[in-house]
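Keep in mind it's a predicted model, so treat the numbers as computed, not measured. The analysis underlying the following values was restricted to heavy atoms, covering all of them including side chains, and did not include hydrogens, waters or symmetry mates. This chain uses plain numbering: 1 for the first residue, then up along the sequence.
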Amino acid sequence: MTTLSWNEIRSRAIAFANEWKNESSEHAEAKSFWDQFFHVFGVSRRRVATFEERVNMQEGHGYVDLLWRSKLLVEHKSKGRDLDKAYNQARDYFPGIRESDLPQYILVSDFENFRLYDLDNGGERNFRLDQLPQNIELFGFMAGYQKQEITERDPVNIQAAEQMAILHDKLKTVGYTGHDLEVYLVRLLFCLFADDTGIFDKNYFRDYLLHETKEDGSDLGIHISQIYQLLNTSVDKRQSNLNESLQGFPYVNGRLFEEQLRIANFDREMRELLLDTSKMDWGKISPAVFGSLFQNVMNPDARRTLGAHYTSEENIMKVIKPLFLDELWAKFKSIKGNQKRVRSFHEDLSKLTFFDPACGCGNFLIITYREIRMLEKEIIRDLLDDRILLNIDDMVRIDVDQFYGIEIEDFSAQVTQVAMWIIDHQMNMMISEEFGQYMIRLPLRRSPNVVHGNALLLDWGKEVLKGREASYIFGNPPFVGSSYMTPEQKSDAKHIFKSIGVPTGQLDFVAAWFIKAVDVIQGTKTRVAFVGTNSIVQGQQANTLWKYILKRKGMVIEFAHQTFRWNSEAKGKAVVYCVIVGFSKDRHRKKHLFTYPDINGEPTLVSARNINHYLVDAETIIIQKINDTLSDVPKMIKGSSPVDNGNYLFNEDEMIDFINKEPLSEKYFRKWIGASELINDRRRYCLYLKYCPPNELQRMPKVKELMEAVRAFRLKSTKKATVRWAQYPREFPENRVSEDDFLVIPRVTSENREYVPIGYFTSDSICSDSAFQIPNATPYIFGILNSSMHMAWVRTIAGRLKGDYRYSNTLVYNTFPFPEPTDKQVKEIEKHVGIILDVRNEYFEQGNTLAHLYDPIAMPQKLRKVHIALNNAVDRSYGFRKEKMDEKRMEFLIDRYVELNQGE
């Protein structure tokens, strides 16, 4: 018997499974079924095994369905029958079989499901008919191969990655480091995958290492280097006296094994680690997880969250489905059955190019490739339409060289390339199983175009796309806020931000990818979609970025996902809220907006007339800072700043101690109210000397000491204006002290609160510059500012300071379109404000602060209810009757903003 190669066996298994998957499973067909099954493994059933073998039993005799003496007993049943009973029946035959003829294996089947038992070690494996090609190694004993264990194998998982991490560290410890180490590990990963998926004969790599290398590992590195060299050498160019055990390694090509690496030195422990890792079932690996999993292998700091933090498939689909996938499927379904149009569509599909300029370990490219190949499978099925398939290779047009990426980390770029070949092979196996012809792309003739480099410094057109126009640009650029950028990131982004007239520090790092993409696609039909933190569609940053993209460059937002929670299960990772924005120059496409009633839930798709830079269905209006209020309301001004180096500020104990030493100073102390004092009820005081007569100052030496300290501090300033104020040490350079009662609004507040905590204070207090103030503010103003309508404006228009809302009088308050209520509506709003203040006072008396009362979880039900009543009253004053969501409120408010501006 000639032993078939594993690839030939797999090819036959695919054809066998494809032929029988739609056949009825009647017992009368058993002989044909099993004859063909044996043929898969190069065995003539008639020569080695008999049907209906009669055996004596305790009660009469029985008939074994199929017996290959000393090897295999088969018991088959009709579709859906109990395989446990079939196994027990098979064991019942054993007393009637001569001991020398007893089988090593029992196989039971209902023609759709298989169960193989290894009677030597008690192993058991279950699989379906369509899974036979993935389980052919179990039947190596039929084809003449060394016996394989048939117990269930673990798929590659985090433990395997941890083993690779240990191997990585050990190689690094012995001096095998840098680029060589990164490429070396990527090649190992490819070989492990190839060993389980038909690229190599089953376990060929593992068996070679196990049997051909010394147990102490001393020659392992030499053998692996020789294997790497062979994988890069075509068979016709290999030496004629090559060791027979090496001849089975195929020519891979694809530049993966092209670079010459140093030989790595292994020891016994490292060899055992590699062999243990090779026992895992690498054929079941998900390339989408593959990259991120092994990127962490290279980063010891990331190992505590190994495998937990990668871009989820769910989030990738949120980008690619509305960008191109939904449209491509809709196009195919509309022409399905029209051979000419489907062929043309298939041709167009093969010319599309997909580009991720921040590809990391390739998750977006991998999932996209898989989805495009899934579409192609249906195209091929439609084109065949029961015709005879001559050669499946001629039908498959999609290949990895349609995919482009840039990655700054060398190892990640290497991993992306290998992961793309892995998904390509997996999709080839899918095609093979679907159409019954074995398809493998070896040697690798085409490669994914993954460039190792800095995306913000490279010329995408010349250095990556090589003059080719990208059909789609998409991805997930780094989430780094403007205040968190490293010096290197600031330097990388500087020239891009400078090109639009914006200094570094005003825009988040991710904005640089948006700007560069816009510049790259000028004069093309390219469509773009990126994930970004939601700060790029909020506040002044939104105005700056999108004024350039939408107004100056003429882009149109085609689709967008409003703010949603970015899925990451990594321990210790801060919660990130993201948006997805898809744009191009095409003004005629339908607009689709994905809204999130629950920010942690699933989106709702709505059609939109226009999607503006705040990602709401409203006119694209760039809301800029203004000095006067848009509506007829009192002015909001900043608080005061003494510029005193803290000399005039005291806590309560410090103030009492100072007054004891300087009694005349008591009447010049006022409460000091800033954001922290307001929210956390901190008691602080300020020595306010503006109205202190000179003769009284002369009688307060301790106060004069403070004034001298303030004068000295101001003289040391680098600001000329501050130095000038040194001659007036008792004055505040920024004096906006109100002589009337006032309303205080913190300049920065947590993004987690439903409402900005605000409060009234009397004229014996001073508002600090960490807050804004509205002198003589009526309860009506309080009510509007503490309403959901105003908070929608804050969340969208306000800037951010490390994630928290940064309130602004000129950008938020002055531009806010107040309602035009009736007197009755004003009274209703003020009535609810009075109730809110009363409820708050009740809790203040119990020791609570505004921080406690407006905590999103701890907020008392009683307070929440009166706020809801206030919201309803404010909504009625606007005539707002839409869904009570920020997005709907913003659509309404922007329309109101436009209306008020047109009325001026």
Side-chain angles (χ1 to χ4, degrees), residues 575 577 598-600 636 639 651-652 671-685 741-762 764-768 770-774 777-795 798 800-808 812-813 816 828-875 884-886 889:
V575 173
Y577 293 103
D598 175 2
I599 203 168
N600 299 311
M636 177 185 287
N651 63 33
E652 194 161 20
K671 293 177 183 176
W672 181 253
I673 307 298
S676 180
E677 291 77 16
L678 166 71
I679 295 170
N680 300 298
D681 194 26
R682 291 182 63 196
R683 304 295 174 89
R684 298 183 75 204
Y685 300 86
D741 295 349
F742 54 91
L743 184 64
V744 173
I745 303 93
R747 291 178 68 176
V748 177
T749 186
S750 170
E751 66 175 349
N752 296 320
R753 296 190 180 108
E754 288 184 54
Y755 308 98
V756 175
I758 62 178
Y760 279 113
F761 291 88
T762 54
D764 61 348
S765 304
I766 296 175
C767 179
S768 84
S770 67
F772 291 103
Q773 58 185 329
I774 304 176
T778 65
Y780 165 73
I781 296 297
F782 183 111
I784 298 297
L785 297 188
N786 239 198
S787 69
S788 290
M789 194 67 85
H790 183 64
M791 285 305 301
W793 192 260
V794 171
R795 280 187 275 268
R800 293 288 184 125
L801 182 63
K802 297 183 180 180
D804 291 332
Y805 298 121
R806 184 167 53 191
Y807 200 93
S808 164
V812 180
Y813 179 78
F816 181 66
E828 184 186 13
I829 291 170
E830 292 187 337
K831 179 189 77 172
H832 292 298
V833 170
I835 298 172
I836 287 173
L837 294 175
D838 289 342
V839 171
R840 287 178 12 168
N841 285 331
E842 287 178 26
Y843 285 101
F844 290 158
E845 290 172 3
Q846 299 169 15
N848 292 286
T849 66
L850 290 177
H852 297 132
L853 297 182
Y854 287 94
D855 181 275
I857 297 175
M859 187 177 187
Q861 185 180 14
K862 187 175 181 180
L863 181 59
R864 190 181 297 278
K865 282 184 175 180
V866 292
H867 265 287
I868 291 172
L870 173 62
N871 289 335
N872 292 335
V874 172
D875 287 349
K884 296 182 184 298
M885 297 166 50
D886 276 4
R889 293 182 187 279

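By the 4.5 Å heavy-atom criterion applied to side chains, Ile829 and Pro779 are not counted as neighbours. You'll find the side chain of Phe816 stays beyond 4.5 Å of the side chain of Met636, heavy atoms only. Contact of the Ile745 side chain with the Tyr813 side chain is not registered, since no non-hydrogen atoms from C-beta on lie closer than 4.5 Å. The shortest distance between side-chain heavy atoms of Ser788 and Lys884 does not fall below 4.5 Å. Between Leu785 and Tyr807 there is a side-chain heavy-atom pair separated by less than 4.5 Å.
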- Item | Working for side-chain contact (heavy atoms from CB on, under 4.5 Å), residues Val839 and Arg864 | CA-CA 10 Å; Val839 171; Arg864 190 181 297 278; over 6 Å; no
- Task: Mind running side-chain contact (heavy atoms from CB on, under 4.5 Å) on Arg889 and Asp875 for me, showing each step along the way?
- Result: CA-CA 9 Å; Arg889 293 182 187 279; Asp875 287 349; 2.7 Å; yes
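To the nearest 0.5 angstrom, Ile868 atom CD1 is 10.0 Å from Leu863 atom CG. Note that the CG atom of Leu853 and the CE atom of Met859 stand 8.0 Å from one another [nearest 0.5 Å]. Expressed to the nearest 0.5 Å, how far CG of Asp855 lies from CG of Leu850 amounts to 12.0 Å. Taking CE of Met789 as the start and CG of Leu870 as the end, the distance is 11.5 Å to the nearest 0.5 Å. For the atom pair OH (Tyr685) and CD1 (Ile766), the distance works out to 13.0 Å, reported to the nearest 0.5 Å. Taking NZ of Lys862 as the start and NZ of Lys865 as the end, the distance is 10.5 Å to the nearest 0.5 Å.
The aromatic rings of Phe782 and Tyr760 lie parallel to each other, their planes meeting at an angle below 30°, with 60° marking the opposite boundary.
Between Asp886 and Ala792, the shortest heavy-atom contact is OD1-CB, 3.6 Å. Between Val833 and Gly783, the closest heavy-atom pair is CG2-CA, 3.4 Å. Of all non-hydrogen atoms in Val744 and Ala771, the two that sit nearest each other are CG1-CB, 3.7 Å. Nearest heavy-atom pair, Ile758 versus Pro746, reported as atom, atom and distance to 0.1 Å: CG2-CD, 4.4 Å. For Trp793 against Val812, the heavy-atom pair with the smallest separation is NE1-O, 3.2 Å. Considering every non-hydrogen atom in both Ser676 and Arg682, the closest pair reads OG-CD, 3.1 Å.
Formation of a donor-acceptor pair under 3.5 Å by the Asn786 side chain with backbone atoms of Pro757 is not found in this model. Asp681 places no side-chain N or O within 3.5 Å of a backbone atom of Thr849 that could act as its donor or acceptor partner. Using a distance-only test at 3.5 Å, with no hydrogens or angles considered, a donor-acceptor pair links the side chain of Asn841 to the main chain of Leu837.
The six-membered or imidazole ring of His790 lies away from that of Tyr805, with a centre-to-centre distance of 6.0 Å or more.
The side chain to side chain donor-acceptor pair (under 3.5 Å) test applied to Ser768 returns Ser770, not counting sequence neighbours. Every residue was checked against the salt bridge (Lys or Arg N to Asp or Glu O under 4.0 Å) condition with Glu830, not counting sequence neighbours, and none meets it. When the salt bridge (Lys or Arg N to Asp or Glu O under 4.0 Å) test is applied to Lys831, no partner is found at least two apart in sequence or on another chain. Taking the side chain to side chain donor-acceptor pair (under 3.5 Å) definition, one finds that Glu652 meets it with nothing, sequence neighbours left out. Listed by chain and residue number, Thr749 satisfy the side chain to side chain donor-acceptor pair (under 3.5 Å) test with Arg753 (two or more places apart in sequence, or in another chain).
Ion pairing between Arg840 and Asp838 fails under the 4.0 Å rule for side-chain N and carboxylate O.
At most 12 heavy atoms of other shown residues, nucleotides or ligands fall within 6.0 angstrom of atom NZ in Lys671.
Listed by first and then second residue, the ring pair (Phe, Tyr, Trp, His ring centres under 6.0 Å) pairs that reach into residues 837-864 are Tyr854-His867, sequence neighbours excluded.
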